[in-house]
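These notes are about the structure you will find just below.
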Protein chains: 2
Amino acid sequence: MPCVSIDCVIFGFHDNQLKVLLLKIEHLEGWALPGGFIYKDEHIDDSARRILHERTGLQDIFLQQFYVFGDAKRSDENITKLVFEKTEFKAPENNWLLQRFLTIGYYALVNFNAVHAAPDYFSEACEWHDINNLPSLAMDHGGIIQEALRTLRTHLHYEPVGYNLLPEKFTMPELQHLYETILDEKLDRRNFQRKMFSYHILKRLKDRRKGVAHKAPFLYSFDLRKYHKALQEGLQTAW
Amino acid sequence: MPCVSIDCVIFGFHDNQLKVLLLKIEHLEGWALPGGFIYKDEHIDDSARRILHERTGLQDIFLQQFYVFGDAKRSDENITKLVFEKTEFKAPENNWLLQRFLTIGYYALVNFNAVHAAPDYFSEACEWHDINNLPSLAMDHGGIIQEALRTLRTHLHYEPVGYNLLPEKFTMPELQHLYETILDEKLDRRNFQRKMFSYHILKRLKDRRKGVAHKAPFLYSFDLRKYHKALQEGLQTAW
DNA sequence: AGGGTAAGTGTTAATTTGACGCAATGCCAA
DNA sequence: TTGGCATTGCGTCAAATTAACACTTACCCT
């Protein structure tokens with residue numbers, strides 16, 4: 001489907017830092033978000049899932065639409081031209097489509113270690129970048145990332161989505177560091193734990209994280225069944 | 001811009017009921033949301049504002065993008081055909097565009113009494129309908145309305161956007177009824193008032209609502225300056 | 001004028017949140 | 001091998017917020 005694209009802000013967590021997966025487009029300045037187009041018979045959520053799978057090799061990832069970027073001047077003609085040259089899409093005679101592009105923003109939360117980053121057809125590199133140390137970005141992709149981060153922060157206040165960024169087993173301090181990084185603020189260790197427990201979505205495992213300095217912390221994993229149940233009943237405090 | 005439309009869920013409040021403005025499309029079954037297309041050099045928010053202005057005569061309304069509906073099968077071919085027949089847009093030879101349409105959902109909060117409902121080019125009627133008593137709706141417009149309502153409810157928990165639905169002057173019980181209608185739950189009169197006051201966005205006026213049965217309630221209006229200031233600093237309770 | 005009803009204001013208990021203490025654990029260095 | 005030290009697990013208490021409810025005042029209606 002022409003004139004509309006999908007861009008994915010793929011968040012990962014590594015070395016206590018929040019990362020975003022970016023592509024380096026050939027012959028052009030700046031990095032770009034993984035993106036793509038909507039196939040003819042595809043639900044847009046499936047398009048986003050497909051793009052995500054192509055770049056990361058992952059399936060069944062947490063993925064959420066968050067905003068449509070529709071400034072008339074947001075497109076970069078060079079990039080648009082490149083896209084039309086390299087794909088099956090054909091610009092009509094009136095070159096309507098060259099002039100502007102909407103993009104639907106999705107954000108995804110992935111397990112950093114499980115990702116196999118792969119460049120796409122237009123790009124020469126596909127790499128993680130620290131959210132606090134982003135390279136120069138093409139078009140409005142910097143703004144899209146900021147908006148995704150803002151959305152993620154908000155969602156984190158209502159739904160404990162953060163663990164999607166962690167491996168299956170993790171410790172409470174690791175989970176807390178993740179939250180602190182996303183929210184960019186220090187949290188009290190004990191109150192954090194109490195709050196997390198109150199959701200009843202964590203399973204404490206029998207084993208602990210070993211080989212680490214100091215007292216060995218418990219390992220946890222998520223109780224997905226309880227998580228979905230809790231979400232349905234609503235976590236957020238109502239009026 | 002073809003292949004993408006904008007649909008507006010315009011909420012109004014009247015007779016203690018939440019209303020939605022709907023259009024009756026000529027020669028077709030069911031009612032539809034006011035919608036339209038994006039002009040060439042127009043920011044999509046401006047497109048939504050334009051559509052809203054055309055249907056209601058209003059300007060400077062509270063308006064918010066909330067979701068993109070992108071199911072591959074959501075379009076109704078009859079309606080799409082009608083649109084192409086009646087507008088300047090031309091379907092390309094491959095009739096790509098006849099096959100599916102994305103729509104960007106916006107919701108708007110308007111002062112019911114200020115609206116002058118006007119049908120558009122395709123429709124024979126433009127009327128308010130009770131949210132709890134909707135007529136048969138075209139395509140997925142029923143789902144769009146439900147999603148808009150869900151979004152409105154969520155937003156109401158964070159930002160006191162409700163007053164956008166009321167006239168400039170209103171009483172506390174009126175405001176409370178509005179909230180009760182949107183959230184579909186009973187609220188305690190005294191706690192509601194305290195909470196509202198705590199936002200410091202209301203100005204109590206000197207006069208009261210007169211001619212009404214029982215004790216005359218105070219009139220209030222919004223202190224827009226303080227409202228925007230409060231929003232910037234964030235109303236929601238952080239972690 | 002008095003009854004009925006809704007509005008304005010205040011009080012109190014329950015719950016949630018924020019700030020912090022202390023003992024237990026497990027490296028590491030002496 | 002043992003004591004120091006940083007970190008984890010668990011708990012406490014006060015402050016703030018929320019929920020539940022009582023009482024007085026005002027205005028229409030009969």
Side-chain angles (χ1 to χ4, degrees), chain A residues 15-16 153 156-160 163 166 169-181 183-221 230 233-239, chain B residues 15-16 153 156-160 163 166 169-181 183-221 230 233-239:
Chain A
D15 282 344
N16 278 343
R153 281 185 179 147
L156 207 56
H157 287 297
Y158 309 104
E159 304 167 13
Y163 66 77
L166 294 173
K169 299 177 177 184
F170 54 89
T171 68
M172 192 59 76
E174 282 162 5
L175 184 60
Q176 184 182 341
H177 281 136
L178 170 64
Y179 271 68
E180 290 180 339
T181 305
L183 298 176
D184 196 25
E185 72 182 291
K186 266 276 170 204
L187 300 173
D188 183 273
R189 189 169 60 88
R190 293 145 287 190
N191 295 336
F192 178 84
Q193 171 149 323
R194 187 176 31 177
K195 186 130 191 167
M196 270 298 151
F197 283 158
S198 77
Y199 293 141
H200 297 107
I201 54 166
L202 294 182
K203 273 191 303 199
R204 177 180 283 184
L205 306 178
K206 280 171 194 146
D207 41 345
R208 296 163 177 250
R209 172 80 74 215
K210 283 167 193 164
V212 71
H214 314 298
K215 183 169 181 174
F218 284 108
L219 285 170
Y220 294 87
S221 70
E233 291 168 9
L235 280 170
Q236 64 229 46
T237 46
W239 251 65
Chain B
D15 282 343
N16 277 345
R153 279 184 180 149
L156 206 56
H157 286 298
Y158 309 102
E159 303 167 14
Y163 65 78
L166 294 173
K169 299 178 179 185
F170 54 90
T171 68
M172 192 57 76
E174 283 162 5
L175 183 61
Q176 184 182 340
H177 281 136
L178 170 63
Y179 270 68
E180 291 180 337
T181 306
L183 298 175
D184 195 26
E185 71 183 289
K186 267 274 170 207
L187 301 173
D188 183 274
R189 187 169 61 86
R190 294 144 288 189
N191 295 337
F192 178 84
Q193 169 149 314
R194 181 149 36 88
K195 184 131 192 167
M196 271 296 153
F197 284 158
S198 76
Y199 294 140
H200 297 106
I201 54 166
L202 294 181
K203 273 191 302 199
R204 177 180 281 184
L205 305 178
K206 281 172 194 144
D207 42 346
R208 295 163 177 252
R209 172 82 73 216
K210 281 166 193 163
V212 71
H214 316 298
K215 184 169 181 174
F218 284 108
L219 284 170
Y220 293 86
S221 69
E233 291 167 10
L235 280 171
Q236 62 231 44
T237 48
W239 252 64

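Note that the coordinates shown come from a computational prediction; the quantities given were computed from them, not determined experimentally. Lettering follows sequence order; numbering is per chain, from 1.
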Evaluate side-chain contact (heavy atoms from CB on, under 4.5 Å) for B:E159 paired with B:Y199, printing each intermediate quantity in order. CA-CA 10 Å; B:E159 303 167 14; B:Y199 294 140; over 6 Å; no

B:M172 side chain near B:Y220 side chain, heavy-atom distance below 4.5 Å: yes

Among A:N16, A:L183, A:L166, A:L156, the one residue meeting side-chain contact (heavy atoms from CB on, under 4.5 Å) with A:L178: A:L166

For the helix from C:dA1-D:dT30 to C:dA30-D:dT1, what angle lies between the axis at the first five pairs and the axis at the last five pairs, to 10 degrees? 0°

Quick one: what's the B/S/- string for nucleotides 20-30 of chain C, heavy-atom cutoff under 4.0 Å, read 5' to 3'? BB--BBBS---

Check the angle between the aromatic planes of B:F192 and B:Y179 and answer parallel, tilted or perpendicular using the 30° and 60° thresholds. perpendicular

Is the ring pair A:Y158/B:Y158 parallel, tilted or perpendicular, if the boundaries are 30 and 60 degrees? perpendicular

Are B:E185 and B:E180 packed together at the side-chain level, in the sense that at least one heavy-atom pair is separated by less than 4.5 angstrom? no

Can you find a pair of side-chain heavy atoms, one from B:Q176 and one from B:T171, that are under 4.5 Å apart? no

Tabulate below the donor-acceptor pairs under 3.5 Å that side-chain atoms of residues 208-219 of chain A make, not counting sequence neighbours, or state none.
unit_1: A:R208; atom_1: NH1; unit_2: A:A216; atom_2: O; d: 2.8
unit_1: A:R209; atom_1: NE; unit_2: A:E174; atom_2: OE2; d: 3.4
unit_1: A:R209; atom_1: NH2; unit_2: A:E174; atom_2: OE1; d: 3.0
unit_1: A:R209; atom_1: NH2; unit_2: A:E174; atom_2: OE2; d: 2.9

To the nearest Å, how far apart are A:L187 CG and D:dT8 C1'? 17 Å

Taking atom C1' of D:dT8 as reference, at what distance in whole Å does atom NE2 of A:H177 sit? 12 Å

Assign A:R209 to base, sugar-phosphate, or nothing according to its heavy-atom contacts below 4.0 angstrom with the strands shown. nothing

Let me confirm one number: the CD-CG distance from B:Q193 to B:D188, rounded to the nearest 0.5 Å. 10.5 Å

Proximity to the side chain of B:K195 - top-ranked nucleotide from D:dT8, D:dT18, C:dA7: D:dT18

D:dT17 P sits how many Å from B:M196 CE, rounded? 17 Å

Provide, to the nearest angstrom, the distance between the CZ atom belonging to B:F192 and the P atom belonging to D:dT17. 19 Å

What's the CD-P distance between B:E174 and C:dA6, to the nearest Å? 15 Å

Can you tell me how far P of D:dT8 sits from CD of A:Q193, to the nearest Å? 10 Å

What's the CD-C1' distance between B:E180 and C:dA6, to the nearest Å? 14 Å

Looking only at N and O atoms, is any donor in the side chain of A:R194 or the base of C:dG18 less than 3.5 Å from an acceptor on the other one? yes

Figure out the CD/P separation between A:Q176 and D:dT7, and round it to whole Å. 12 Å

